[in-house]
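Below, chains carry the letters A, B, ... as their sequence lines are ordered, and counting in each starts from 1.
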There are 2 protein chains.
Amino acid sequence: MTVPSQSIQKKDKHNYVECDDCSMNSVCRPLSTVKQSINLSDSFLHKRITTKANHILFNQSTPLTNIYAVSSGAFKLLLQTDDSTENIIGLRFPGELIGEDALFLKTYNYTAIAIGDSSVCKVSVEQMTSCGQLIPEIQKNLIELLSRQNYVRQKNFQAYIGKKSADSLLAAFLLNIIERNASYTGSDNSIELPINRNNIANFLGLRRETLSRVFSKFQKEQLIQVEGRKIKLIAQENLIKIADL
Amino acid sequence: MTVPSQSIQKKDKHNYVECDDCSMNSVCRPLSTVKQSINLSDSFLHKRITTKANHILFNQSTPLTNIYAVSSGAFKLLLQTDDSTENIIGLRFPGELIGEDALFLKTYNYTAIAIGDSSVCKVSVEQMTSCGQLIPEIQKNLIELLSRQNYVRQKNFQAYIGKKSADSLLAAFLLNIIERNASYTGSDNSIELPINRNNIANFLGLRRETLSRVFSKFQKEQLIQVEGRKIKLIAQENLIKIADL
DNA sequence: ATTTAAATTTGACATAGATCAAGTTTGAAC
DNA sequence: GTTCAAACTTGATCTATGTCAAATTTAAAT
């Protein structure tokens with residue numbers, strides 16, 4: 001599949017997703033209507049905010065207040081362990097949700113930090129819930145949203161569980177990252193990685209030296225083309241085989 | 001925490017969960033009410049069925065028809081790859097859901113097979129959805145259910161992502177399995193594993209020989225007590241450290 | 001109880017990845 | 001542009017896990 005390279009406009013050199021392409025849209029849109037019609041004082045139902053690099057969206061183990069949908073940039077999700085090492089357990093890109101897994105226990109399960117300058121839509125859980133009880137459409141859309149998220153999580157889990165070789169892990173990672181970003185980068189075979197090798201290695205459970213060697217090997221074997229953080233897939237089919245997907 | 005060993009009744013030598021402890025209860029219960037009041041001809045909304053060992057609940061890539069909640073026994077979820085090797089990507093125990101991640105694309109994402117003789121509650125998605133539109137309570141409960149499932153999936157992902165050492169993988173696995181079964185086995189430190197070493201190794205991405213050695217090592221180091229498939233945790237705190245949870 | 005196949009464990013060796021060390025490249029600050 | 005620190009790569013060894021082989025245990029069938 002080829003995608004016209006200029007078909008998608010970018011803003012501020014970030015990848016950017018419009019409301020139409022946001023996964024939270026189905027919840028946001030009815031909420032906006034309510035907001036306008038009921039005119040809820042100065043409180044807000046949802047609001048787009050911009051964040052600088054390294055901005056902390058929320059901290060692990062704090063009470064759930066908002067759910068976020070990434071509009072532009074990227075976020076890393078990490079666990080704070082006692083040994084102060086950064087333990088990345090996930091990445092989120094435009095169109096994806098952050099914090100929705102806290103709806104159950106009402107407590108955030110990880111810390112979310114902006115990787116570069118980014119923007120997110122912020123939806124108050126309290127207000128979303130109270131509105132939802134009045135508006136069946138919101139309920140229905142929330143179900144759709146949560147179902148979809150379960151699907152995404154299942155796929156994500158499948159992609160990494162039972163894999164241990166550095167080759168298969170990196171192949172799975174690259175394919176996953178590129179697929180998740182394809183709709184707004186306009187490319188299904190290339191990406192500028194939002195995180196450094198250290199972070200990728202940490203996420204995959206590899207050492208940075210090992211990861212570096214695999215990158216070099218993949219390039220030498222003409223599977224990918226590497227230019228710093230810019231990655232282009234050359235032999236996608238082979239990578240899929242290596243990833244065992 | 002100590003749990004009275006005889007506090008939970010078992011049926012047919014299987015671990016068994018009553019409707020009260022079933023994760024689908026919040027959806028099932030209102031559905032039953034509807035069923036009784038509307039008296040929907042011969043169709044059913046939910047129904048408990050028993051399955052023999054190796055019974056296939058559904059096949060990967062087939063259209064979603066039902067969602068299941070395990071009542072007793074255990075199920076393995078697997079991917080069918082071309083090379084005919086069994087690729088276990090998950091296990092499900094009493095109280096847990098199977099197939100709910102297919103709600104999004106309406107197609108099952110894996111094959112689900114009973115490990116031993118088991119029983120499940122079967123809920124028709126079509127009927128659940130159509131009833132849900134009439135009954136707000138079902139909508140609300142479904143949201144709760146899906147939120148919870150997202151939470152469980154997040155925890156599961158966190159437990160294994162970025163882990164590669166055989167020690168940490170096995171420790172994470174044992175703690176996870178025992179915790180998920182604690183409420184109805186009545187023990188938070190022991191279990192009879194529902195699957196063999198081969199399957200565990202496959203799930204964790206290890207070789208059976210390696211897994212066997214780690215089992216032996218954990219026993220020698222007094223971390224666990226092993227008797228075939230019966231496992232008892234001796235030094236739970238140490239295992240948590242090894243698992244890096 | 002006996003037989004048999006399957007599951008599990010253990011040993012010996014090979015290899016992928018970790019570790020340690022040293023270089024090279026990149027990119028931000030001046 | 002120059003300087004400097006951080007990021008990344010490469011090389012040399014070491015170690016954990018994979019691989020191959022064989023022994024032992026377990027469990028099912030008779």
Side-chain angles (χ1 to χ4, degrees), chain A residues 13 52-54 74 76 83 85-86 88 115-117 160-174 191-221 223-231 242-244, chain B residues 13 52-54 76 83 85-86 88 115-117 160-174 192-221 223-231 242-244:
Chain A
K13 88 188 169 105
K52 291 275 173 207
N54 299 317
K76 55 186 174 186
D83 54 4
T85 49
E86 206 168 77
I88 296 191
I115 291 172
D117 294 353
Y160 295 109
I161 190 68
K163 291 208 173 67
K164 243 171 44 81
S165 90
D167 288 12
S168 63
L169 285 167
L170 179 57
F173 176 79
L174 291 176
I191 196 169
E192 178 157 2
L193 296 170
I195 54 174
N196 64 28
R197 303 279 197 269
N198 244 321
N199 291 150
I200 299 174
N202 174 266
F203 177 67
L204 295 177
L206 299 169
R207 288 313 162 121
R208 57 169 177 278
E209 296 93 335
T210 304
L211 185 71
S212 181
R213 281 182 241 271
V214 180
F215 265 115
S216 303
K217 188 175 75 172
F218 278 7
Q219 181 160 37
K220 203 188 307 171
E221 290 172 350
L223 294 166
I224 62 176
Q225 193 176 299
V226 185
E227 249 188 87
R229 289 192 183 180
K230 292 200 190 79
I231 308 291
I242 291 168
D244 191 25
Chain B
K13 89 188 167 106
K52 290 279 172 204
N54 300 315
K76 56 186 174 185
D83 54 5
T85 48
E86 205 168 79
I88 296 190
I115 291 172
D117 294 353
Y160 296 109
I161 189 69
K163 293 210 171 67
K164 245 173 42 84
S165 89
D167 288 12
S168 63
L169 285 167
L170 179 57
F173 176 78
L174 291 176
E192 179 157 0
L193 296 170
I195 54 174
N196 65 26
R197 302 282 196 268
N198 244 320
N199 291 150
I200 299 174
N202 173 266
F203 177 66
L204 295 177
L206 299 169
R207 287 314 165 119
R208 58 170 176 277
E209 296 93 333
T210 304
L211 185 72
S212 181
R213 281 183 241 272
V214 180
F215 265 116
S216 303
K217 189 174 75 171
F218 278 6
Q219 181 160 38
K220 205 188 306 170
E221 290 171 353
L223 294 167
I224 62 176
Q225 194 175 298
V226 184
E227 249 189 85
R229 290 192 183 180
K230 291 201 190 79
I231 308 291
I242 291 169
D244 190 25

ask   = How close or far is atom C1' of D:dC8 from atom CD1 of A:Ile200, stated in whole angstroms?
value = 12 Å
task = Please determine, for the side chain of B:Asn196, which listed nucleotide (C:dG17, C:dA7, D:dG18) has the closest atom?
result = C:dA7
key: Protein-nucleotide distance (A:Leu206, atom CG; D:dA16, atom C1'), rounded to Å   = 14 Å
key: Spacing of A:Lys163 atom NZ relative to D:dG18 atom C1', expressed in whole Å   = 18 Å
ask   = Do A:Asn196 and A:Arg229 come close enough that some side-chain heavy atom pair is under 4.5 Å?
value = yes
remark   = Ranking A:Glu209 and A:Ala166 by the position along DNA chain C of their nearest nucleotide, the one closer to 5' is A:Ala166
task = Could you state the atom-to-atom distance from CZ of B:Phe215 to P of D:dT25 in whole Å?
result = 18 Å
message = For B:Leu206, is there any backbone N or O sitting under 3.5 Å from a side-chain donor or acceptor partner on A:Lys164?
response = no
remark   = Separation of C:dT8 atom C1' from B:Ile231 atom CD1, nearest Å, is 12 Å
key: Below 4.0 Å: OP1/OP2 of D:dT9 and any side-chain N or O of A:Ser216   = no
request  = Check whether any side-chain heavy atom of A:Asn202 lies under 4.5 Å from a side-chain heavy atom of A:Asn198, and answer yes or no.
outcome  = no
query = Given side chains that start at C-beta, do those of A:Leu211 and A:Phe203 come closer than 4.5 Å, heavy atoms only?
reply = no
key: Spacing of B:Arg208 atom CZ relative to D:dC20 atom P, expressed in whole Å   = 11 Å
hbond_proxy B:Arg213 side chain to D:dT19 base (donor-acceptor, 3.5 Å cutoff) = yes
ask   = Is the closest side-chain heavy-atom distance between B:Asp167 and B:Lys217 below 4.5 Å?
value = yes
key: Nearest-nucleotide pick for B:Arg207, side chain only, options being D:dT17, D:dG18, C:dG17   = D:dG18
message = Rounding to an integer number of Å, can you tell me how far B:Phe218 CZ sits from D:dA16 C1'?
response = 14 Å
task = Output yes when at least one side-chain N/O atom of A:Ser212 is less than 4.0 Å from OP1 or OP2 of D:dC8, else no.
result = no
remark   = In whole angstroms, the gap separating P of D:dT9 from CD of A:Glu227 amounts to 13 Å
note = Considering only heavy side-chain atoms of B:Arg229, the closest of C:dT8, C:dA18, D:dT17 is C:dT8
task = Identify which nucleotide among D:dT19, D:dC8, D:dT17 has an atom closest to any side-chain atom of A:Lys164, counting heavy atoms from C-beta outward.
result = D:dT17
